[in-house]
Amino acid sequence: MPVIVRSGAGYILRFSIRFIRPDVIFAAMSMKTKLRAVAVAVCILPGTITAYGQEPEAVAENLADELDAEALDSGNSTFAAEDLMAHLMRLKRHPLNINAASRGELTALELLTPFQIESVLDRISRSGAILSFAELSLLYGFDAQTVERLRPYIVLGPESRRPRGFAQDQRTDIYARYQRNFAPDAESWLGRMRFSYLDRAEMSLVYKGNSSRSDKSSLCTGSVSYSGLKAGRVELEKLVLGDFYARFAQGLTCWNGFSFAGAAESSGFVKNAEPVSLYTSSDTSKLLRGIAASVSFGGLKFSGGYSFRQDASLARLSYTGKRMRLGFSYTGQRLQSSVFAADFMMGGAGFLIFAEGAVSDGSYAFLGGGSLDAGGAKVHILLRSYQKDFMSALGGAWSSISKLSNQQGAQLRITVPLIRHLGLAAGADYTAYRYPRYHVNVPSASFKGYVKLSADDSGFGTPARNSLWIKGCFRYDMKASVPAEESSCFSLKAACEVCLASFADLGARAEYNTLGGRAASIFLKLNMLRHRATLSAGVVAYNVPGWDGRIYFPQADVPYTFPVALLYGEGIDAYSYLKTKLRGWLSFYLKYQYNRGRTVLKAALAASF
């Protein structure tokens with residue numbers, strides 16, 4: 001049945017997604033005509049260029065643009081992005097009261113550096129509660145931009161935390177998703193549950209399964225934790241039984257979860273995370289199952305655990321002061337060499353430097369970098385060197401697509417505000433492989449770089465409604481074969497979104513690369529029923545003749561899903577997406593997608609109370 005939407009001005013828009021057939025609509029058009037038609041929409045939409053905020057959807061879209069095709073092909077980046085989105089969505093539903101938060105809870109926020117955490121705790125212990133966000137921005141390590149990114153996820157409540165009753169003090173999030181693929185037929189489902197009481201006791205359950213004939217694997221993870229137990233200056237920051245994350249320093253010894261590093265154009269490469277925490281991912285590749293804990297005494301913290309799934313022992317000791325953090329980490333596995341690492345981090349007015357070095361069976365790995373903020377301009381740099389024989393089975397440090405071995409490289413990222421609402425970002429990544437690696441039987445090297453111009457109409461605390469960005473990317477690959485093999489690719493991306501009315505946004509996106517890949521899209525987003533429901537619809541026309549020129553396009557999707565569509569070949573990709581609040585605590589999501597004769601239907605329910 002048609003859906004009728006009434007705006008405040010009395011306009012009536014009719015939409016019927018039941019009979020939409022993009023393949024029929026575009027069948028009479030040549031591919032060149034299709035691309036021109038959608039590309040024209042990109043050019044005629046007025047707007048300014050957007051800088052990404054910390055909304056979950058914006059973070060996912062930015063990650064999709066940052067990751068290269070190989071990283072997206074591997075799937076590991078997809079899981080990490082989905083987990084990052086889940087963390088942000090939970091924080092947005094249940095913001096943290098930083099005035100009453102413990103050191104462990106501020107660490108679990110994962111949006112603050114160790115020095116910012118020390119600054120907040122010191123300020124509250126000396127002068128009492130922080131009363132305003134303006135006051136927070138004056139603390140050491142904070143500025144207006146940092147506070148603006150934090151605002152959706154924190155509140156400034158009273159210092160004391162008094163029990164109000166079980167219903168008021170518990171927080172429960174339940175999510176269920178069903179997916180049906182047609183031609184070929186396949187079904188999959190995902191269930192998540194997260195419960196916490198007084199932000200102290202927590203429980204997490206994840207179940208994933210599918211009906212595929214070739215893969216009938218299923219996953220069930222679960223864990224419970226307790227935090228905030230104090231005895232004098234000693235604090236039990238976290239105790240986890242079951243499946244857990246272990247994220248130490250920069251990841252050379254152990255890192256099996258997500259990270260906010262690189263999640264925005266202006267963010268640096270340093271990793272900050274809770275050393276041990278509940279496992280909430282549907283990824284099975286690095287699942288740790290056993291017991292883990294973190295205990296702190298002032299700035300001194302010990303974290304450790306044991307996973308019987310890998311027969312692995314983990315340990316970390318660190319000290320955090322107001323300006324410096326020092327740490328030592330260890331992981332040991334049966335039939336694997338032990339890994340020892342030392343790390344440090346130092347921060348000051350407008351700068352941050354960090355480094356970690358690890359050794360295993362006589363081989364080493366090193367990474368280090370820093371960030372500099374000068375007058376709004378931000379510079380981030382990362383250097384890494386992993387020897388061929390270095391092995392860290394549980395590690396997950398910065399790397400392109402290979403493991404932590406046989407790699408040297410450097411990364412640079414710069415963001416500069418030009419004029420009001422207009423910014424420039426640039427980045428480069430050089431990677432050298434001195435020895436043959438998987439699928440490449442000779443030494444090789446690659447260079448990637450990009451320049452991005454962006455602007456938006458947002459102000460402090462105001463989301464952007466009109467936006468546009470343009471990004472040029474270049475990649476050069478070389479193999480030391482005889483004769484030498486060289487290849488290069490340049491791609492140009494552009495996207496814009498314009499507010500048509502208080503209830504409607506229209507956007508478009510286009511991408512072209514010199515390997516023959518071309519794609520263009522247009523989408524419409526409607527806020528209905530006083531913003532209790534959102535209807536989005538989009539269509540992409542693409543022509544990608546070769547696999548090397550494949551294109552990934554972000555698009556609206558149900559929660560806990562990395563919203564990226566792979567475009568390869570020639571055809572049309574169309575989708576419609578509905579998000580509605582059935583109650584204040586219950587939301588329903590529905591997505592229909594059509595791509596070259598293949599249809600996907602997704603339905604999801606999310607409850608938060």
Side-chain angles (χ1 to χ4, degrees), residues 56 60 72-90 93 172-196 202-225 240-246 256-258 277-290 307-310 396 555-566 575 577-579 582 586-595 597-609:
L72 290 169
D73 292 339
S74 68
N76 294 330
S77 300
T78 299
F79 282 117
E82 291 175 355
D83 298 338
L84 187 150
M85 292 168 61
H87 181 72
L88 287 177
M89 292 174 68
R90 180 172 173 80
R93 287 191 294 263
T172 303
D173 295 301
I174 300 175
Y175 175 78
R177 183 185 74 203
Y178 171 79
Q179 178 175 329
R180 175 69 184 271
N181 295 4
F182 301 90
D185 290 343
E187 295 176 300
S188 63
W189 42 85
L190 173 68
R192 293 174 180 258
M193 193 277 287
R194 183 87 176 264
F195 167 82
S196 66
E202 289 188 282
M203 179 176 66
S204 173
L205 294 172
V206 178
Y207 176 77
K208 179 180 70 172
N210 65 74
S211 63
S212 173
R213 294 181 179 179
S214 60
D215 180 15
K216 292 190 176 182
S217 62
S218 62
L219 163 74
C220 185
T221 69
S223 54
V224 294
S225 72
V240 184
L241 299 174
D243 303 318
F244 62 92
Y245 289 120
N256 70 327
F258 61 92
S277 57
L278 287 171
Y279 194 82
T280 60
S281 176
S282 59
D283 182 15
T284 61
S285 61
K286 289 189 176 181
L287 173 66
L288 297 175
R289 179 167 293 170
S307 172
F308 60 79
R309 189 170 185 262
Q310 292 89 354
Q555 59 180 226
D557 213 326
V558 300
Y560 304 109
T561 303
F562 193 36
V564 175
L566 169 63
Y575 73 91
Y577 172 64
L578 175 66
K579 176 176 67 175
L582 303 178
L586 182 64
S587 299
F588 174 72
Y589 308 85
L590 182 65
K591 181 181 180 181
Y592 169 87
Q593 183 176 5
Y594 171 87
N595 186 357
R598 296 187 296 271
T599 302
V600 179
L601 181 65
K602 299 179 183 178
L605 278 172
S608 179
F609 46 86

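Residues K591 and A556 approach most closely at NZ-O, 3.0 Å, considering heavy atoms. Contact between L566 and N595 at its shortest, heavy atoms only, is O-ND2, 4.2 Å. Minimum interatomic distance between F609 and A607 (heavy atoms only, all atoms of both residues): CE2-CB, 4.0 Å. Of all heavy-atom pairs spanning A565 and Q555, the tightest one is CB-NE2, 3.6 Å.
Taking the salt bridge (charged side-chain N to carboxylate O under 4.0 Å, His left out) definition, one finds that R90 meets it with D173, sequence neighbours left out. With sequence neighbours left out, K602 forms a side-chain hydrogen bond (donor to acceptor under 3.5 Å, both in side chains) with D557. With sequence neighbours left out, the ring-ring contact (aromatic ring centres under 6.0 Å, His included) criterion links Y560 to Y175. Residues forming a side chain to side chain contact (heavy atoms under 4.5 Å, CB included) with L582 (at least two apart in sequence, or on another chain): T580, L586, F588, L605. With sequence neighbours left out, the side chain to side chain contact (heavy atoms under 4.5 Å, CB included) criterion links Y178 to R180, E187. For S225, the side-chain hydrogen bond (donor to acceptor under 3.5 Å, both in side chains) criterion is met by no residue, not counting sequence neighbours. Under the rule for a ring-ring contact (aromatic ring centres under 6.0 Å, His included), the partners of Y279 that lie at least two apart in sequence or sit in another chain are Y245. In this structure, the side chain to side chain contact (heavy atoms under 4.5 Å, CB included) partners of S188, at least two apart in sequence or on a different chain, are Q179, N210. Applying the side-chain hydrogen bond (donor to acceptor under 3.5 Å, both in side chains) criterion to T599, with sequence neighbours excluded, gives no partner residue. Annotation: side chain to side chain contact (heavy atoms under 4.5 Å, CB included) contacts of S307 (sequence neighbours excluded): F244, L288, R309, Q310.
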Using side-chain contact (heavy atoms from CB on, under 4.5 Å), reason through T280 and T221 one step at a time and then give a plain yes or no. CA-CA 8 Å; T280 60; T221 69; over 6 Å; no
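Here the straight-line distance linking atom CZ of R192 with atom OG of S281 works out to 6.5 Å at 0.5 Å rounding. Between T172 atom OG1 and F195 atom CZ the span is 5.5 Å, to the nearest 0.5 Å. Atom OG of S277 sits about 9.0 Å away from atom CD of E202, to the nearest 0.5 Å. L241 contributes atom CG, which lies 10.0 Å from atom CG of L278 (distance to the nearest 0.5 angstrom). Atom OG in S204 sits 7.5 Å away from atom CE in M193 (nearest 0.5 Å).
At least one donor-acceptor pair under 3.5 Å links the side chain of D243 to the backbone N or O of G222.
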